[in-house]
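First the structure, in the form of structure tokens, and then the observations on it.
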Amino acid sequence: MNGGPSDPLSLDQAGASDEQLQRVHAILLREKPEPTEGYSPLPLLLLGLMSAFILFSAIYLGRYSGGFDPMVYDERIPPGMLVDNAAAPVAQDPKVLGQRIFTANCAACHQVTGLGLPGAFPPLAGSEWVAGPDERIIRIVLSGLSGPVTVKGSPFNLAMPSLGPSLKDEQLAAVLTYIRSEWGNNAPAVSPDKVKEIRAAVAGHPGPWAPEELLKIP
Ligand code: HEC
């Protein structure tokens with residue numbers, strides 16, 4: 001406004017008349033109020049919207065985060081339901097279940113490649129044991145195996161622990177089906193019913209099997 005006709009200072013200096021001053025004031029009063037210091041309050045509507053959004057987000061996370069459990073692959077499944085889900089054979093693709101169980105229970109020794117470790121852990125890839133009768137490998141995972149054994153022409157002599165107590169019939173069937181179809185292996189699937197049947201039949205067997213004991217099974 002400097003130097004303009006409505007600038008009070010320049011009007012004063014110019015010796016403005018009362019009439020002119022009144023006109024100038026009328027113009028000034030029409031102008032917006034001077035900005036004030038401090039904060040103006042947040043509009044209530046915006047505050048309400050933001051609160052509603054935060055509330056919604058909190059409820060959404062509580063409902064769909066799966067408890068931020070790394071094992072939850074479907075965020076709509078609450079963590080508490082995971083165990084039931086894994087136990088229900090219909091709800092789980094056996095191939096996926098088998099791979100998961102293999103990684104968690106077998107890969108430390110037999111390796112994810114299924115190649116084992118020469119001189120220590122025998123290979124499952126291309127193994128005649130894996131391709132052989134399911135009556136034998138079910139017994140191996142149920143009770144373990146120890147004693148001299150030959151796999152793909154190489155001798156091994158360590159002990160494999162029993163996994164029967166820690167894995168259910170469906171889980172053992174899934175992992176055996178997995179090792180029979182992975183790494184180029186191509187042997188028929190193992191059914192949970194078969195595992196159940198053999199588990200009942202060998203219930204009284206003390207300790208791990210000796211390989212020659214299993215080779216007698218046709
Ligand atoms: C602690 C190490 C270890 C773990 C874990 C383990 N194994 Fe074994 N496994 C062995 C050893 C050692 C042998 C050979 C035992 C012997 O020398 O008599 C063997 C032998 C076998 C055999 C017969 C030989 C062959 O290579 O085909 C199969 C089949 C087998 N294991 C499957 C499994 C499956 C399936 C799992 C997981 C559910 C598993 N093993 C977990 C160490 C292990």
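Indexing begins at 1, ligand by ligand and atom by atom, following the structure's order.
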*Tell me which one of Pro148, Cys106, Pro122, Pro155 gets a heavy atom nearest to atom 38 (C) of ligand 1.*
Cys106

*Contacting atoms of ligand 1, where contact means under 4.0 angstrom from a heavy atom of Ser146*: 18 (O)

_Taking 4.0 angstrom as the limit and counting only heavy atoms of Leu124, give me the atoms of ligand 1 inside it, by number and element._
25 (C), 26 (O), 27 (O), 28 (C), 29 (C), 30 (C), 32 (C)

*asked:* So if I count the atoms of ligand 1 from 1 in the order they appear, which ones are less than 4.0 Å from some heavy atom of Cys109?
replied: 1 (C), 2 (C), 3 (C), 4 (C), 5 (C), 42 (C), 43 (C)

*More than 12 heavy atoms of other residues, nucleotides or ligands under 6.0 Å from CD of Glu19: is that the case?*
no

*How about Trp129 and Phe156: are their ring centres within less than 6.0 Å of each other?*
no

*Should you measure from each heavy atom of Val130, which atoms of ligand 1 turn up under 4.0 Å away?*
27 (O), 29 (C)

*Under 4.0 Å between a Lys/Arg side-chain N and an Asp/Glu carboxylate O for Lys216 and Glu212?*
no

*ILVMFWY network linking Val151 to Leu117, side-chain heavy atoms under 4.5 angstrom*: no

_For atom 23 (C) of ligand 1, what is the closest protein heavy atom, and at what distance to 0.1 Å?_
Ile140 CD1, 3.7 Å

*Which one of Pro123, Gly98, Ser127, Ala107 has a non-hydrogen atom at the shortest distance from atom 26 (O) of ligand 1?*
Pro123

*Shortest non-hydrogen contact from Glu135 to Ile198?*
OE1-CD1, 3.6 Å

_Distance under 4.0 Å to a non-hydrogen atom of Asn157: what atoms of ligand 1 satisfy this?_
17 (O)

*N/O/S atom of His110 under 2.8 Å from atom 8 (Fe) of ligand 1, yes or no?*
yes

*Of all the atoms in ligand 1, which lie at a distance below 4.0 Å from a heavy atom belonging to Phe156?*
17 (O)

*Nearest protein heavy-atom contact for atom 5 (C) of ligand 1: which residue, which atom, what distance?*
Asn105 O, 3.1 Å

*What's the shortest distance from atom 39 (C) of ligand 1 to any protein heavy atom, and which residue and atom give it?*
Met160 CE, 3.2 Å

*Using the six-membered ring wherever Trp is involved, compare the ring planes of Tyr178 and Phe102 and label them parallel, tilted or perpendicular (cut-offs 30° and 60°).*
tilted

_atom 24 (C) of ligand 1: nearest protein contact (heavy atom, Å)_ = Val151 CG2, 3.7 Å

*When Ile179 is tested against each of Val130, Val141, Val190 for side chain to side chain contact (heavy atoms under 4.5 Å, CB included), which residue passes?*
Val130

*Show which atoms of ligand 1 fall inside a sub-4.0 Å distance from at least one heavy-atom site of Val141.*
34 (C), 35 (C)

*Under 4.0 Å from ligand 1, counting heavy atoms only, is it the side chain of Leu158, its backbone, both or neither?*
both

*Report the distance from atom CD of Glu128 to atom CZ of Arg136, rounding to the nearest 0.5 Å.*
9.5 Å

*asked:* Tell me whether the rings of Trp209 and His205 are parallel (<30°), tilted (30 to 60°) or perpendicular (>60°).
replied: parallel

*Gly147 and Pro211: which non-hydrogen atoms are nearest, and at how many Å?*
O-CG, 3.8 Å

*Under 4.0 Å from any heavy atom of Gly147, which atoms of ligand 1 are there?*
16 (C), 17 (O), 18 (O)

